[in-house]
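Letters A, B, ... are given to chains in the order of the sequence lines, protein chains preceding strands, and every chain is numbered from 1.
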Amino acid sequence: MGVRVRFAPSPSGSLHIGNVRTALFNWLFARKNNGIFILRIEDTDIERTYESAYSGILEDLAWLGLNWDEGPYKQSDRLDIYKSYAERFLKEGLAYKCFCSPEELEREREQALKEGKPPRYSGKCANLTEEEISRLESEGRSCSIRFRIPEDACFVVEDMIRGKIEFDVNAITGDFIILRSDGMPTYNFAVVIDDHLMKITHVIRGEDHLSNTPRQLLIYRALEAEPPVFAHLPMIVGSDHSKLSKREGSFSVKELREQGLLPEGVVNYLALLGWSPKEEEVKTLEELIEEFSLEDVSPSPSAYDPAKLRWINRQHILRLDGEKLLSYARPFLKEFENFPKEWLIKAILSIREYAETLKDIPEEIKKYYLNDISLDDKYREELLSGKKAIEVFLDLLKNAEDISDIDSLFKEAIKVSGLKGRRFYHPIRIALTGYESGPELVELIPILGKRKCIERLENSLRFLEAEK
RNA sequence: GCCCCCAUCGUCUAGAGGCCUAGGACACGGCCCUUUCAAGGCCGAGACAGGGAUUCGAGUUCCCUUGGGGGCACCA
C-alpha cells in the first residue's frame with residue numbers, strides 16, 4: 001500500500017518551529033514516496049483550542065509550501081466515532097467506567113509522587129459490579145471510560161530512527177482514560193482511532209511522543225489492527241541545549257515571516273536540523289524531496305541556530321529573480337508603494353547581497369537611495385584628496401546626455417582628474433552615499449538618477465568649503 | 001521516585017571496525033582579491049564526555065558512569 005502520513009497539530013497557538021519541522025519531514029517523506037500527506041487538527045481539548053490558531057496553521061503551511069492532500073480533518077467533527085469505539089471497548093470488557101472525580105485522582109497522584117511511587121491509577125473502579133455502576137449512575141455521578149491494561153502487555157516499538165525500543169510495564173501509568181466525562185476522547189485514544197481509520201502507514205512525530213507509544217500500541221491491539229511504522233524525530237532545543245525559550249528569538253512561523261525570512265529559507269534550514277544532504281546544503285523544496293530520506297535522520301536533539309538560518313535565508317535571497325524577490329519583499333516596502341516597479345527591482349537587486357532578511361531590504365534602499373546624506377567629518381580628508389575627481393566627474397555628469405554608460409564617464413574622469421583606482425572611486429562613493437561601502441557605483445548611479453547624483457556631489461563640495 | 005531517548009569542533013553534521021594524523025557547513029580569526037563592502041577566494045583555530053570490555057585493530061560494537069532531554073494527566 002502507498003505511503004500515508006499525517007501532520008496533526010493541536011490548535012493552541014501559532015505553529016511552532018518544532019511543529020513545522022515535523023510537518024516538513026512528514027511532507028518530504030510523503031512527496032519522496034509519492035504518498036499522501038494528511039492534515040488533521042487535534043482539537044479535543046476545548047480549553048486550549050483557539051479558532052484563530054486553526055486558520056493560522058492553514059496559512060502557515062500554505063506559506064511554507066507544504067500542501068496537504070487530504071483534510072484538514074478536525075477531531076471535534078469526529079466525536080461520534082471515538083464514542084462508538086469507546087463503547088465497543090466497554091462491551092468487550094477492554095475498558096470500564098470510572099467514577100473517580102478529577103480532584104480525587106489528583107490527590108492520589110500527588111500523594112504517590114510524594115512517596116516516590118509511580119503515579120499510577122489505583123484501579124479502584126476496575127471491577128465495579130453492575131449494581132454498583134447503576135447505583136453510581138442513578139446518583140448522577142459522571143464517569144469517564146478507562147482502558148484496561150492487559151497483564152501480559154509487552155511493548156516493543158520498532159522505530160525507523162532509533163531502532164528497537166523496549167518499554168517496561170512501568171511506562172504505563174495504569175489503566176488510562178480514553179473518553180473523558182464530557183464525552184471528549186483523550187489524545188492517546190483519538191490518535192490511534194484516527195490513524196487506524198485514516199490508514200496511516202508511518203507516524204512521524206516528535207520524540208516527546210515516544211513514551212506515549214506503548215499506550216497507543218495497546219489500543220492498536222484492542223482494535224486488532226496492525227500498528228503503523230513509527231519514526232520519532234529528535235527535539236529542537238535552544239542554542240545552549242536547554243529548552244527552546246521564547247526569549248531566544250522567534251519560534252513561530254508567524255514571527256519568522258514578520259522578521260523577513262523566506263519560506264524557502266525556513267524550510268531549508270529546518271530540513272538541516274536532524275538531517276543532512278550529501279553535499280550542497282542550500283536547497284529548494286524540490287531538491288530536498290529528491291534527496292530526503294527518513295532513515296538518515298539523526299536521533300540526537302539539535303540546537304536552533306539563528307545565525308545559520310539567516311545565512312541560509314540570504315542564500316535564497318541571492319537566488320531569487322528580481323520579480324519574485326520584489327513580491328516577497330512587498331509587505332516590507334509599504335513606504336515604497338508609489339515607486340515604479342522597475343526602479344524597485346533594480347534597487348533591490350543592487351543591495352540584495354547586503355540583505356539577510358527581507359526586512360533588511362527597505363533599510364538598505366533607504367540608506368543608499370533615499371535618505372538625506374550627512375557627511376561624517378572623518379571623511380573630510382578623503383573627500384579633500386579626491387576633490388578633483390568629484391569636480392571632474394560632476395562636470396561630466398552634468399553634460400552627459402545619457403547616464404547609462406557610467407563606465408566611460410569614469411574613464412574620462414580618471415583621465416582628466418589624474419586620479420585613479422581607490423583614490424578616484426572612494427571619494428566619489430562617499431560623496432554619493434555618505435558611506436565607504438555599498439553597491440557597485442556603476443549600478444548605483446543610474447538608480448540614484450542624474451539629478452540626485454549631481455545634488456549629492458555638489459553637496460559634498462559645499463561640505464568641503466564649509467568650516468575649513 | 002519510575003520509565004524512555006540522546007551523547008563527534010561553539011552550533012548543524014559526515015562517519016554504518018581498518019579509507020580518520022576525524023571530512024563539510026555556519027559562526028570565529030588571518031591573509032588575498034577588489035573602485036567600497038558585509039560578497040568571493042585561500043589559510044587557520046576548533047571535537048570523538050569518562051571508564052571498562054570485545055577485537056590484531058574502536059569515533060564506529062557491548063556494559064557502566066556522568067551529563068542533557070522527554071514522559072509518567074479527564075493536555076496534545
Side-chain angles (χ1 to χ4, degrees), chain A residues 8-12 42-45 47-49 75 98 100-102 105-106 109 112-121 142-146 155 157 159 161-162 165-174 176-188 190-191 206-215 232 234-235 237 239-243 269 272-282 296 298-312 314 318 353-356 410 414 420-426 428-430 433 435-442 444:
Chain A
S10 62
S12 56
E42 312 225 318
D43 55 352
T44 55
D45 184 356
E47 286 179 23
R48 297 187 197 197
T49 292
Q75 290 191 321
C98 172
C100 301
S101 71
L105 293 169
E106 183 55 27
R109 202 181 110 84
L113 238 26
K114 211 155 62 186
E115 290 170 18
K117 284 190 259 180
R120 56 196 310 171
Y121 177 60
S142 61
C143 71
S144 58
I145 296 178
R146 269 184 200 276
F155 318 104
V157 182
D159 188 279
I161 296 170
R162 284 150 225 280
I165 304 163
E166 286 177 59
F167 285 89
D168 198 272
V169 204
N170 289 311
I172 309 290
T173 347
F176 58 93
I177 289 173
I178 55 176
L179 204 70
R180 294 182 254 189
S181 50
D182 63 1
M184 298 297 269
T186 56
Y187 165 72
N188 282 111
V191 233
E207 195 197 319
D208 46 339
H209 289 284
L210 193 53
S211 357
N212 284 319
T213 315
R215 239 165 303 182
H232 288 95
M235 306 302 280
V237 296
S239 52
D240 57 351
H241 270 91
S242 65
K243 227 189 237 175
Y269 174 69
L272 263 24
L273 250 30
W275 175 81
S276 64
K278 290 272 171 295
E279 285 166 14
E280 181 58 47
E281 286 188 327
V282 180
D296 292 334
S298 137
S300 57
S302 32
Y304 175 77
D305 179 6
K308 184 142 184 184
L309 206 211
R310 294 168 74 83
W311 181 83
I312 295 265
R314 178 169 173 272
L318 256 20
E353 69 173 278
Y354 305 105
E356 281 189 316
F410 276 162
I414 286 167
K420 61 178 181 179
R422 197 188 165 90
R423 293 167 56 76
F424 171 80
Y425 290 106
H426 215 221
I428 289 181
R429 165 175 299 283
I430 292 168
T433 67
Y435 297 100
E436 293 176 86
S437 64
E440 293 276 344
L441 287 176
V442 289
L444 183 131

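- When both pairing distances are held under 3.5 Å, rC42(B) makes a Watson-Crick or G-U pair with rG30(B).
- The pairing partner recorded for rG17(B) is none, the criterion being a Watson-Crick or G-U wobble arrangement whose two distances lie under 3.5 angstrom.
- Residue-to-nucleotide contacts include no donor-acceptor pair under 3.5 Å from the side chain of Asp208(A) to the base of rA76(B).
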Side-chain donor/acceptor pairs under 3.5 Å, residues 272-280 of chain A, sequence neighbours excluded:
from      : atom 1 : to        : atom 2 : distance (Å)
Glu280(A) : OE2    : Val282(A) : N      : 3.1

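- With hydrogens and angles left out, the side chain of Ser181(A) and the base of rC74(B) share a donor-acceptor pair within 3.5 Å.
- For rC72(B), the paired base is rG1(B) (Watson-Crick or G-U wobble, both distances below 3.5 Å).
- Glu281(A) comes within 4.0 angstrom of a base, heavy atoms only.
- More than 12 heavy atoms of other residues, nucleotides or ligands shown are found within 6.0 angstrom of CZ on Arg180(A).
- Looking at Tyr304(A), its side chain has no donor and acceptor atom pair within 3.5 Å of the base of rC12(B).
- Nearest-nucleotide mapping onto RNA chain B: of Thr186(A) and Arg422(A), the residue sitting toward the 5' end is Arg422(A).
- Aromatic stacking of Tyr425(A) on rU35(B): satisfied, with centres closer than 5.5 Å and planes within an angle under 30 degrees.
- Listed for the Tyr354(A) side chain is a donor-acceptor partner under 3.5 Å among the backbone atoms of Gly438(A).
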Can you name the atoms? Protein N/O to nucleotides 41-44 of chain B N/O, anything below 3.5 Å, with the distance.
none

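- At the heavy-atom level, Ser10(A) lies under 4.0 Å from the strands shown only through sugar-phosphate atoms.
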